[in-house]
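Shown next, in structure tokens, is the structure this report addresses.
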Amino acid sequence: MCRGSIEWALAPKGFPWPRSKPSATVHTLHRADHLTAEALLTVLFTLLFPAPRTACRCSLYTVDGSGPTLDMPVPSSFNDVGQDGRLRSFVGWVWYEREATLPQRWTQDLGTRVVLRIGSAHYYAIVVSATSRASGWWVNGVHVAEHEGGHLPFEADISKLVQSGPLSFCRITIAINNTLSPYTLPPGTILYQTDTSKYPKGYFVQNTNFDFFNYAGLHRSVLLYTTPISYIDDITITTDVDRDIGLVNYQIFIQGSEHFQLEVFLLDEDGRAVAQGTGGQGQLQVPRAHLWWPYLMHEHPAYLYSLEVRLTAQTADGPVSDFYTLPVGIRTVAVTESQFLINGKPFYFHGVNKHEDADIRGKGFDWPLLVKDFNLLRWLGANAFRTSHYPYAEEVMQLCDRYGIVVIDESPGVGIALAQSLSNMSLQHHLEVMEEMVRRDKNHPAVVMWSVANEPASSLKPAGYYFKTLIAHTKALDPSRPVTFVTKSSYEADLGVPYVDVICVNSYYSWYHDYGHMEVIQLQLATQFENWYRTYQKPIIQSEYGAETIAGFHQDPPLMFSEEYQKGLLEQYHLVLDQKRKEYVVGELIWNFADFMTDQSPQRAIGNRKGIFTRQRQPKSAAFLLRERYWKLANETWHHQSAVKPQCVGNSPFTF
Ligand code: GCB
């Protein structure tokens, strides 16, 4: 493959989720919902991996593409779909490749902008595209994009490329490297073993300080979509409430023309326009607004308006129009010394921590799994989750908006254990990741708080400056939401917590400490809360607690790893949470929603088993315990005037 001469473009500054609209078409390379006939012909990418394991980021252009290949579904992690153990633990470059046939209009109408959008490529990706063939070989591959970080989307404008040649199809090659370094997010290290009496020459392993398997590949949708050459590039919405008037502030960013008109309409759920405006920024006022309420807080939770944006732009080739519809939830978020308020009412997070994780597909996005998870969340009476420990797929956030499931949106800042990973170089990258993440998720009403990291080494000296800068930057990007990070440091030593709005603390009493001794939980947990609150007077969330449990293991009296022990441990936590939530504890998130895959270690029996559901989403006994508790909490925090209270009736997840 050689470099072509065509100019390449990086992703533009902002890019809203591509929705089918009169002025745009979406053409996915693998998914059924927007699929065209051509794309159905080939649904598999080819993955090539070189036999010798190379940890370095070798140049794409020197690799001849030799080595084994196999068909690879997208989205999916590549690790668990094959039968070759070397692929499961592979560290280095892999190449995904496929050809796509493009509608003729895309390649011939120079007024069409063709965009390649990659939802997530873990970890480092280089994208090359080619549209010329000679003697059956693709030639003149052009570097179209490069991206670092596995959990956020990136785009490339490939119009010039696909409109330059005679062919109506193109080849897309995505080289992905899953090597982590102390400066990546999450960080990792490569350990070379040089003792040749124990290890073969060149042997190395990749080590991480986070507790989930470093799945890699194209984890989310890869889309081709079009816009006109002048287009709506980004929209920022913030909302407020003044008595019963909903205020929707909008800012719209246009690319491709300086001369344009914008019309904005806000439609209610019945499609009626309730407010309208013009221009690139303004405020829409909605009398008697329906607010966006969390699930189980209101009889009509998750009310979504639609913001329709219509662009008419003047270009050298005449007027063009673009159109975009964005779901909008009107709600407010605020934090006091001891409360977390949504729409001015105290909100108590009773929810879970999750992972993007499942059998075979690893971290690959999967609709049936997602819908099952939301059904389980609603069955459980959970009103919130944290995206531990990285931003989840955009479809997840969309469902949270629709179902009223509140989100603490966490960055991939997990496993920051070394001082090197708190260096300026790491900080710089972390700031950029927060920019990408806020840009992607800022308009989701479900997102009520940003978490910039999980359990960093926040008592190391550089942590003070690191978190002060990171949190200030995140607040500057989005002044409308509180910011936190999740700590496991002691209240005396933590140098980052002075900058958070809400203290999120993880603890594993009678699991990692005093194991087997549930009798100490109440005292230790109460002391933990009291110390943090006395020091900072900020609301506190118990952001993780739990116990490893192998489904089907039973021991009474309870022993560790049995279902009885998990239940017993949870009950001890709940006794203290019930006292402290009357004061300043504003939430509890169980670790974890479901069992998930980790690296192999003597502490892990095929993954982390702290789920209240198995990896296949079957309940352990603790799920029923938690369900009873969450529905009870929901009854207490129900705020609407209506007399109807949520009830957990039988097995029905639908309670109203
Ligand atoms: C934690 C981490 C989480 C782990 C969990 C555990 O504190 O935040 O990533 O999986 O503990 O089970 O050890």
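Just follow the structure's listing: the first ligand is 1, and inside any ligand the first atom is 1. Treat the numbers as computed from the prediction; the structure is a model and nothing was measured.
When each atom of ligand 1 is checked for a heavy atom of N608 under 4.0 Å away, the hits are 6 (C), 10 (O), 12 (O). Near R604, meaning under 4.0 Å from any of its heavy atoms, are these atoms of ligand 1: 6 (C), 12 (O), 13 (O). For ligand 1, the atoms closer than 4.0 angstrom to any heavy atom of N506 are 7 (O), 8 (O). Near F596, meaning under 4.0 Å from any of its heavy atoms, are these atoms of ligand 1: 10 (O). Within the listing of ligand 1, atoms 3 (C), 8 (O), 9 (O) sit less than 4.0 angstrom from a heavy atom of H389.
The distance between the ring centers of F374 and W379 does not fall below 6.0 angstrom.
Ion pairing between D80 and R361 fails under the 4.0 Å rule for side-chain N and carboxylate O. Salt bridge absent: R220 and E395 never bring a charged side-chain N and a carboxylate O closer than 4.0 Å. Here D478 does not pair with K475 in a salt bridge; the nearest charged N to carboxylate O distance is not below 4.0 Å. A salt bridge links K620 with D595: at least one charged nitrogen is closer than 4.0 Å to a carboxylate oxygen. Remark: R604 engages E548 in a salt bridge, criterion side-chain N to carboxylate O under 4.0 Å. With respect to the salt-bridge test (charged N to carboxylate O, under 4.0 angstrom), the residues R481 and D501 do not qualify.
Looking only at distances, a side-chain donor or acceptor of Q542 sits under 3.5 Å from a matching main-chain atom of E544.
For atom 7 (O) of ligand 1, the nearest protein heavy atom (residue, atom name, distance) is E455 OE2, 2.4 Å. Closest to atom 2 (C) of ligand 1 among all protein heavy atoms lies E544 OE1, 3.2 Å. Closest to atom 12 (O) of ligand 1 among all protein heavy atoms lies K610 NZ, 2.4 Å. Counting only heavy atoms of the protein, atom 13 (O) of ligand 1 lies nearest to Y512 OH, 2.4 Å.
Under 4.0 Å from ligand 1, the heavy atoms of W591 that appear belong solely to its side chain. With a 4.0 Å heavy-atom cut-off, ligand 1 is reached by no atom of T598.
Judged by the 6.0 Å and 45° rule, R615 forms no cation-pi pair with F596.
Below 3.5 Å of separation, one finds an N or O of D211 facing an N or O of ligand 1. For R386, no nitrogen or oxygen atom sits less than 3.5 Å from a nitrogen or oxygen atom of ligand 1, counting backbone and side chain alike.
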